[in-house]
Amino acid sequence: MPVTASPNVPPAELHKVINSWFQENARDLPWRRSCSAWGILVSEIMLQQTPVVRVQPVWEQWLARWPAPADFAAAPAAEVLRAWGKLGYPRRALRLHAAAAEIVEKHRGTVPDNYPELLALPGVGTYTAAAVAAFAFGRRTTVVDTNIRRVHARLVIGQALPAPALTAAETTLATDLLPEDDAESVLWNAAVMELGAVICTARSPKCGQCPVLEQCAWIAAGQPEPTYIPKGQPWAGTDRQVRGAVMAVLRAASSPIHADLLWDAEAAKRHAEVAPELGKLHKLNTHAPQLERALAGLVVDGLAQLTDAGYHLPN
DNA sequence: TACTCGTGGTG
DNA sequence: TCACCAAGAGT
């Protein structure tokens, strides 16, 4: 049970200071300008575990190409996955595709404007449902993302980092801190996220630029070290790395890739189209069982299909 | 609950 | 350099 330090600061004061800071310093992101609810939803899905700088150009392309859910729902899955490019976690693209289909079928092509209906969409969890309800529809909802969790952990609790997994106590705290006024609550959610993303960062927080340095429980406690060791994310040699390399090959290919090509570096050179990506795959020196697992996993997840002609993106 | 699922910038 | 990290969701 972590020791919780009382902030001993009236929430209203935090609201005023952080919201003012946000209005002066908010980054000019395209989905923060006049933007459809669909645009907000797309941005939130893309931003799941993917930095803003990589999302922005792809988001611009997507909204120009598929300005409404119905446009997107009508696109072939293969095109969706190619357009997703290297954002990572391509299952998100398929889930957004499925969500668009549901929006067309069950919501007359309009993004639902409330938390429960948003939460029911594929790929939309508690964070994304709350974020879209707030940022697209101005609703007062408790938004809890990794940035907000970290700001709360430091500013209010006095710890260097939040717990490894989201706890009920954190959601309760976020709800307790939420301004009563709808518009102010929307601003607050965006402002705390921004503070965590720009100032109160995970590794090297810019405390010298923080608008609430004086009120920070973590600073008051002498900036204690984290009480646990953050768990690493192994990558080299993992199945995930192989899956990613195979997906890169399939995205580059305009026709099915025979399984032999995935092994034969010499044959691969005759296919200029996919040669670079195949080269990267071969460079991994993947063991046969590992490649088999990766391929099977991609098929199970609907990211790839296997026909007589070989592996290809789903139709 | 703990694990899986991509990708690339960066301190 | 290399481990960490990023507007999480699903199982």
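Order of the sequence lines sets the chain letters (A, B, ...), proteins ahead of strands, with each chain counted from 1.
- Comparing the same atom, C1', in C:dA6 and in B:dT1 gives a spacing of 23 Å after rounding to whole Å.
- Pairs of residues two or more places apart, or lying in two chains, never qualify as ring pair (Phe, Tyr, Trp, His ring centres under 6.0 Å) while including a residue from residues 138-175 of chain A.
- If you check every strand for non-hydrogen atoms under 4.0 Å, A:W84 touches nothing.
- Side-chain contact between A:Q56 and A:L29: present, with at least one pair of heavy atoms (C-beta onward) separated by less than 4.5 Å.
- A distance of about 23 Å separates the P atoms of B:dG8 and C:dA9, rounded to the whole Å.
- By the ring pair (Phe, Tyr, Trp, His ring centres under 6.0 Å) test, A:W21 is found to be paired with no residue, residues two or more places apart in sequence or in another chain being considered.
- For the side chain to side chain contact (heavy atoms under 4.5 Å, CB included) test with A:K86, the passing option among A:R251, A:R54, A:M247 is A:R251; the others fail.
- In this structure, A:A160 and A:P224 approach most closely via the heavy-atom pair CB-O, 3.3 Å.
- Between A:P112 and A:I103 there is a side-chain heavy-atom pair separated by less than 4.5 Å.
- With sequence neighbours left out, A:H15 forms a ring pair (Phe, Tyr, Trp, His ring centres under 6.0 Å) with A:W188.
- For the residue pair A:Y127 and A:Q48, no side-chain donor N or O sits within less than 3.5 Å of a side-chain acceptor on the partner.
- For DNA chain C, the residues of residues 140-151 of chain A within the heavy-atom distance limit of 4.0 Å (strictly under) are A:D145, A:T146, A:N147, A:R150, sorted by number.
- Rounded to whole Å, the separation between the P atoms of B:dC5 and C:dA7 comes to 22 Å.
- Residue contacts for A:P164: at a heavy-atom cut-off of 4.0 Å it reaches no nucleic acid atom on any strand shown.
- For the segment residues 289-307 of chain A, the set of residues with a heavy atom within less than 4.0 Å of an atom of DNA chain B is empty.
- A:W235 has its CH2 atom 9 Å from the P atom of B:dG8, to the nearest Å.
- Taking atom CG of residue A:L81 and atom P of nucleotide B:dG6, one finds them 11 Å apart after rounding to whole Å.
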I would like to know whether A:E44 and A:R92 meet salt bridge (charged side-chain N to carboxylate O under 4.0 Å, His left out); could you show each step before the answer?
CA-CA 11 Å; A:E44 294 299 346; A:R92 290 181 293 166; over 6 Å; no

Where do A:E277 and A:K280 land on the salt bridge (charged side-chain N to carboxylate O under 4.0 Å, His left out) test, with the steps shown first?
CA-CA 5 Å; A:E277 299 300 341; A:K280 294 174 191 173; 3.5 Å; yes

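- Residues A:L14 and A:V192 have side chains not in contact (no heavy-atom distance under 4.5 Å, counting atoms from C-beta outward).
- Using a 4.0 Å heavy-atom cutoff across all strands shown, A:L29 reaches at least one base atom of the nucleic acid.
- Ion pairing between A:D182 and A:R140 fails under the 4.0 Å rule for side-chain N and carboxylate O.
- Taken together through direct or relayed side-chain contacts under 4.5 Å among Ile, Leu, Val, Met, Phe, Trp and Tyr, A:I45 and A:M193 form part of one hydrophobic cluster.
- Shown for residues 123-135 of chain A: no residue has heavy atoms falling under 4.0 angstrom of DNA chain B.
- The shortest side-chain heavy-atom distance between A:L195 and A:P211 falls under the 4.5 Å cut-off.
- Heavy-atom distances under 4.0 Å link DNA chain C to A:E44, A:L47, A:Q48, A:Q49, A:P51, A:R54 of residues 34-55 of chain A, given in residue order.
- At the heavy-atom level, A:Q241 lies nowhere under 4.0 Å from the strands shown.
- In this structure the side chain of A:Q305 never reaches within 4.5 angstrom of the side chain of A:L313, judged on heavy atoms.
- With hydrogens and angles left out, the side-chain atoms of A:E273 and A:S254 include a donor and acceptor closer than 3.5 Å.
- Contact check on A:R65 versus A:E79 returns a salt bridge, with a Lys/Arg side-chain nitrogen under 4.0 Å from an Asp/Glu carboxylate oxygen.
- For A:R108, the CZ atom sits in a loose shell: 12 or fewer heavy atoms of surrounding residues, nucleotides or ligands are nearer than 6.0 Å.
- Between A:T171 and A:T126, the closest side-chain pair of non-hydrogen atoms is not below 4.5 Å.
- Annotation: side chain of A:V186 is not in contact with side chain of A:T141 (no heavy-atom distance under 4.5 Å).
- With hydrogens and angles left out, the side-chain atoms of A:S185 and A:R139 include no donor and acceptor closer than 3.5 Å.
- Residues of residues 85-100 of chain A having a heavy atom closer than 4.0 Å to DNA chain B, listed by number: A:K86, A:L87, A:G88, A:Y89, A:P90, A:R91.
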side-chain contact (heavy atoms from CB on, under 4.5 Å) between A:T146 and A:Q49, intermediate numbers included
CA-CA 9 Å; A:T146 187; A:Q49 301 286 282; 5.7 Å; no

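- Nucleotides of DNA chain C that come within less than 4.0 Å of any heavy atom of chain A span, from the 5' end to the 3' end, C:dC4 to C:dG10.
- Within residues 187-207 of chain A, the residues having any heavy atom under 4.0 Å from DNA chain B are, by residue number, A:R203, A:S204.
- Sorted by first then second residue, the ring pair (Phe, Tyr, Trp, His ring centres under 6.0 Å) pairs that include residues 70-107 of chain A, not counting sequence neighbours, are A:W38-A:F72, A:W62-A:F72, A:W62-A:W84, A:W66-A:F72, A:F72-A:H97.
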When you compare the protein's N or O atoms with those of nucleotides 1-3 of chain B, which come within less than 3.5 Å of each other, and at what distance?
| residue | atom | partner | partner atom | Å |
| --- | --- | --- | --- | --- |
| B:dC3 | OP2 | A:K231 | NZ | 3.1 |

